[in-house]
*Asks:* 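Structure below; questions to follow.
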Amino acid sequence: MTVYVDNAATTKLSDKALDSMLPLFKDIYGNPSSLHTVGQTAKEYLEEARETVANCIGALPREIYFTSGGSEADNQAIRTAAFIGAKKGKKHIVSSKFEHHAVLHTLNALEKEGYTVTLVDVNSDGVIKADDVKNAITDETCLVTIMTANNEIGTIQPIAEIGEICREKGVFFHTDAVQAVGHIHVNVKDMNVDMLSASAHKFHGPKGVGFLYVKSGIPVKNLIEGGAQERGKRAGTENMPAIIGMATALKDAVDNLDENAKKVSAMRDRLMQGLKDIDRSFINGNLEKRLPGTVNMCFEGIEGESLLLLLDMKGICASSGSACTSGSLDPSHVLLSIGVPVEVAHGSLRLSISEYNTMEEMEHIIKSVPEVVTYLRSISPVWERIIKEEN
């Protein structure tokens, strides 16, 4: 049995998305910037996809810009607000300590360009306090950027409340919603956001495509110069098959969101129930304010890398955190931000479920994880020391 529970890293392309993409590779192959009939046919598909994406998040079609994915969208949103702020003499940005590296590394780059950044603390349950964001905002603040749902522990943030604070303060508000879109209800108006980032491969769309929502009236700063595509704000011939596949996958996810969330959260809860009694283990993050499909746990006395390799031998494909940092030996910055000790953070496991999973697979995980943890602890000098100190 092969059990894929690394959906926070990437998801399987849906059949509907694939079927919608195929004509764009062969029959509807025109460049949507061309004026001839073949090109204009492609443009009709492009604008229909833009309208579909906009409708799925409560936006206007002209507020949607297609990108190569969530990282590009994050970069463009943050640099747009930073550029506008600098022209007004405001060069301070507020974010949090457990943002995705697409956000944190962009902020690091801006600090080298003369901006100041305040990273608010995260509660031990993985939920940011809106008041902490409010208190971090100053007269010099040009942007607040807080993720909708964390990519490692799955906790959902009080975005609408933070957005309301930003409106009152006259500060741009961006949210990285890469893990949220297609999995929980997302409406840009209800959330009080000015900009929002998303990526198709997190909701059964293709890799290499995403979108950025920018509220009407905000002048978008270009990251890529060249042609007049995306209303002059993102040069380069549009990746038509991927864009169509993303729109199809997103509509399908939104249309079936409640049904899928009910199924996925039931599997998530079964996992948590079945694994919570492993000695010296604990679940990371708020048990209620979390994505339907994310379980993140730590096991003392073992290394996460060894855990993943042995689980893989049992057919279980999981992760220890963000796929973007899977080559790093450092413990997760997300777990450290919520107060998990360094030595414990090394023994982390992220199981992220989709509607393609089954309860039978969950039972296989529940049987396998304790077996692997027990074996690793039997050969771990760290675990031996823990037991000696306990006695």
*Asks:* Would K233 pass as a cation-pi partner of Y65, given that its NZ or CZ must be under 6.0 Å from the six-membered ring centre and within 45 degrees of the axis?
*Replies:* no
*Asks:* Minimum heavy-atom separation for I153 and G126, please, with both atom names.
*Replies:*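 So the two residues come closest at CD1-CA, 3.9 Å.
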*Asks:* Side chains of D252 and N256: is there a donor and an acceptor less than 3.5 Å apart?
*Replies:*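 Note: D252 and N256 side chains meet the donor-acceptor criterion.
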*Asks:* Determine whether D279 and R377 make a side-chain contact, defined as any pair of heavy atoms from C-beta on separated by less than 4.5 Å.
*Replies:* yes
*Asks:* Which atom names give the shortest non-hydrogen contact between S96 and L119, and what distance separates them?
*Replies:* O-CD2, 3.6 Å
*Asks:* If you count every heavy atom of other residues, nucleotides or ligands that lies below 6.0 Å from K189 atom NZ, does the total exceed 12?
*Replies:*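 Yes - once you tally the heavy atoms of other residues, nucleotides and ligands closer than 6.0 Å, there are more than 12.
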*Asks:* Would a distance-only check, ignoring hydrogens and angles, find a side-chain to backbone donor-acceptor pair under 3.5 Å from K202 to A9?
*Replies:*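 Answer holds: yes.
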*Asks:* Using modelled atom types and a 3.5 Å cut-off, is there a donor and acceptor pairing between side-chain atoms of S265 and backbone atoms of A261?
*Replies:*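 Side chain of S265 to backbone of A261, a donor-acceptor pair under 3.5 Å: yes, one is there.
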*Asks:* Does V171 belong to the same Ile/Leu/Val/Met/Phe/Trp/Tyr cluster as I78, with side-chain heavy atoms less than 4.5 Å apart forming each link?
*Replies:* no
*Asks:* What is the distance from atom OG1 of T175 to atom CG of D194, rounded to the nearest 0.5 Å?
*Replies:* 11.0 Å
*Asks:* When you measure from the side chain of Q229 to the backbone N and O of G236, does any donor-acceptor pair fall under 3.5 Å?
*Replies:* yes
*Asks:* Please report the closest heavy-atom contact between G226 and A235, naming both atoms and the distance.
*Replies:* N-CB, 3.3 Å
*Asks:* Which pairs count as ring-ring contact (aromatic ring centres under 6.0 Å, His included) when at least one residue sits in residues 193-214, sequence neighbours excluded?
*Replies:*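 Counting only pairs at least two positions apart or across chains, the ring-ring contact (aromatic ring centres under 6.0 Å, His included) contacts touching residues 193-214 are H204-Y356.
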*Asks:* Rounded to the nearest 0.5 Å, what's the gap from OG on S95 to NE2 on H174? Could you check?
*Replies:* 9.5 Å
*Asks:* If you define the side chain from C-beta out and look only at heavy atoms, does anything of T237 sit under 4.5 Å from S33?
*Replies:*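 Sidechains of S33 and T237: no contact.
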*Asks:* Taking only Lys NZ, Arg NE, NH1 and NH2, and the carboxylate oxygens of Asp or Glu, determine whether E51 and K251 approach each other closer than 4.0 Å.
*Replies:* no
*Asks:* Verify, without hydrogens or angle tests, whether N260 (side chain) and E355 (backbone) share a donor-acceptor contact under 3.5 angstrom.
*Replies:*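 No, N260 side chain to E355 backbone: no donor-acceptor pair under 3.5 Å.
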*Asks:* Determine, using the 4.5 Å side-chain heavy-atom cutoff (strictly less than), whether Y4 and M313 are members of one ILVMFWY cluster.
*Replies:*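 No, no single cluster joins them.
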*Asks:* Flag yes if L291 and I128 sit in one hydrophobic cluster, no otherwise; membership is Ile, Leu, Val, Met, Phe, Trp, Tyr, and two members link when side-chain heavy atoms are under 4.5 Å apart.
*Replies:* yes
*Asks:* So with a 6.0 Å cut-off around OH of Y375, is the heavy-atom count from everything else above 12?
*Replies:* no
*Asks:* Could you check whether D258 and H185, counting side-chain N and O atoms only, form a donor-acceptor pair closer than 3.5 Å?
*Replies:* yes
*Asks:* Starting from the C-alpha separation in whole Å, work towards a yes-or-no answer on salt bridge (Lys or Arg N to Asp or Glu O under 4.0 Å) for K388 and E384.
*Replies:* CA-CA 6 Å; K388 284 182 180 179; E384 184 178 358; 3.6 Å; yes
*Asks:* Nearest 0.5 Å please: distance from the CD1 atom of I224 over to the CD atom of Q76.
*Replies:*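 It comes to 7.5 Å.
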*Asks:* Side chain of S368, backbone of I365: donor and acceptor closer than 3.5 Å?
*Replies:* no
*Asks:* If the condition is salt bridge (Lys or Arg N to Asp or Glu O under 4.0 Å), which residues does D121 pass it with, not counting sequence neighbours?
*Replies:*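 Partners of D121 under the salt bridge (Lys or Arg N to Asp or Glu O under 4.0 Å) test: K97.
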*Asks:* With rounding to the nearest 0.5 Å, note down the distance linking CZ in R280 to CZ in F299.
*Replies:* 14.5 Å
*Asks:* What's the spacing between D125 CG and I283 CD1 if we round to 0.5 Å?
*Replies:*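 D125 CG to I283 CD1: 13.5 Å, rounded to 0.5 Å.
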*Asks:* Would you check if V209 and T67 make a side-chain contact, meaning some heavy-atom pair closer than 4.5 Å?
*Replies:*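 No, their side chains stay 4.5 Å or more apart.
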*Asks:* Is it true that a side-chain atom of H364 and a backbone atom of K314 form a donor plus acceptor pair closer than 3.5 Å?
*Replies:*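 Here the side-chain-to-backbone pair exists.
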*Asks:* Side chains of T106 and D74: does their closest heavy-atom pair fall under 4.5 Å?
*Replies:* no
*Asks:* Heavy-atom distance under 4.5 Å between the side chains of M191 and E164, does that happen here?
*Replies:*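 M191 does not reach E164 side chain to side chain.
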*Asks:* Is there a path of hydrophobic side-chain contacts, each under 4.5 Å between heavy atoms of I/L/V/M/F/W/Y residues, joining I302 to W383?
*Replies:*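 Looking at the clustering, I302 is in a separate group from W383.
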*Asks:* Check this for me: does any side-chain nitrogen of one of E168 and K134 sit under 4.0 Å from a carboxylate oxygen of the other?
*Replies:*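 K134 and E168: not salt-bridged.
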*Asks:* Would you call R385 and E389 a salt bridge, taking side-chain N to carboxylate O under 4.0 Å as the test?
*Replies:* yes
*Asks:* Under a 3.5 Å cutoff, is there a donor and acceptor pairing between the side chains of S216 and R62?
*Replies:* yes
*Asks:* State whether the side chain of N187 and the backbone N or O of D190 hold a donor-acceptor pair below 3.5 Å, judged by distance alone.
*Replies:*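 Yes; judged by distance alone, with no hydrogens or angles, the pair exists.
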*Asks:* Kindly determine whether E363 and R270 satisfy salt bridge (Lys or Arg N to Asp or Glu O under 4.0 Å), including the steps that lead there.
*Replies:* CA-CA 8 Å; E363 296 304 327; R270 175 65 189 125; 2.7 Å; yes
*Asks:* N357 and M362: side chain to side chain contact (heavy atoms under 4.5 Å, CB included), yes or no, with the steps?
*Replies:* CA-CA 8 Å; N357 290 118; M362 300 305 107; 3.9 Å; yes
*Asks:* Side chains of M267 and M359: does their closest heavy-atom pair fall under 4.5 Å?
*Replies:*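 The answer is yes, as the side chains (C-beta and beyond) meet within the 4.5 Å cut-off.
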*Asks:* Kindly say whether E152 contributes a backbone atom to a donor-acceptor pair with the side chain of N296 at under 3.5 angstrom?
*Replies:*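 Yes; at least one donor-acceptor contact below 3.5 Å.
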*Asks:* If you count heavy atoms of other groups shown closer than 6.0 angstrom to CG of L35, is the number above 12?
*Replies:*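 No, because the 6.0 Å sphere around CG of L35 holds 12 heavy atoms or fewer from other groups.
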*Asks:* Which pair of non-hydrogen atoms, one from S354 and one from V264, has the smallest distance, and what is that distance?
*Replies:*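 Nearest pair, atom of S354 first, then V264: C-CG2, 3.6 Å.
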*Asks:* Please give me the minimum heavy-atom distance between A180 and A149, naming the atom from each residue.
*Replies:*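 Where A180 meets A149 most closely, the heavy atoms are CB-CB, 4.3 Å.
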*Asks:* Please say yes or no: joined through hydrophobic side-chain contacts below 4.5 Å, possibly via intermediate residues, are V373 and I387 part of one cluster?
*Replies:*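 V373 and I387: separate clusters.
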*Asks:* With a 3.5 Å cut-off and no angle check, do the side chains of T116 and H92 form a donor-acceptor pair?
*Replies:* no
*Asks:* Looking only at the side chains, is there a donor atom on one of S319 and R350 sitting less than 3.5 Å from an acceptor on the other?
*Replies:*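 Yes, because at least one side-chain N or O of S319 sits under 3.5 Å from a partner of the opposite role on R350.
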*Asks:* Would you say E360 has more than 12 foreign heavy atoms packed within less than 6.0 Å of its CD?
*Replies:*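 Open.
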*Asks:* Checking E371 against T374: is there a side-chain donor and acceptor pair closer than 3.5 Å?
*Replies:*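 No donor-acceptor contact under 3.5 Å links the two side chains.
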*Asks:* Could you check whether any side-chain heavy atom of I84 comes within less than 4.5 Å of a side-chain heavy atom of T80, counting everything from C-beta outward?
*Replies:* yes
*Asks:* Give a yes or no on whether the backbone of S71 and the side-chain of N75 come within a donor-acceptor separation of less than 3.5 Å.
*Replies:*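 A pair under 3.5 Å: yes.
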*Asks:* Donor-acceptor pair, S197 side chain versus D176 backbone, under 3.5 Å?
*Replies:*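 Such a contact is absent between S197 side chain and D176 backbone.
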*Asks:* Rounded to the nearest 0.5 Å, what separates atom OG1 in T52 from atom CZ in R50?
*Replies:* 11.5 Å
*Asks:* With a 4.5 Å cut-off on side-chain heavy atoms, are I146 and E99 touching?
*Replies:* yes
*Asks:* Taking all atoms of both residues into account, what is the closest heavy-atom pair of C142 and G85, and its distance?
*Replies:*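 It is CB-CA, 3.6 Å.
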*Asks:* Please list all pairs meeting ring-ring contact (aromatic ring centres under 6.0 Å, His included) that have one or both residues in residues 7-47, counting only residues at least two apart or in different chains.
*Replies:* none
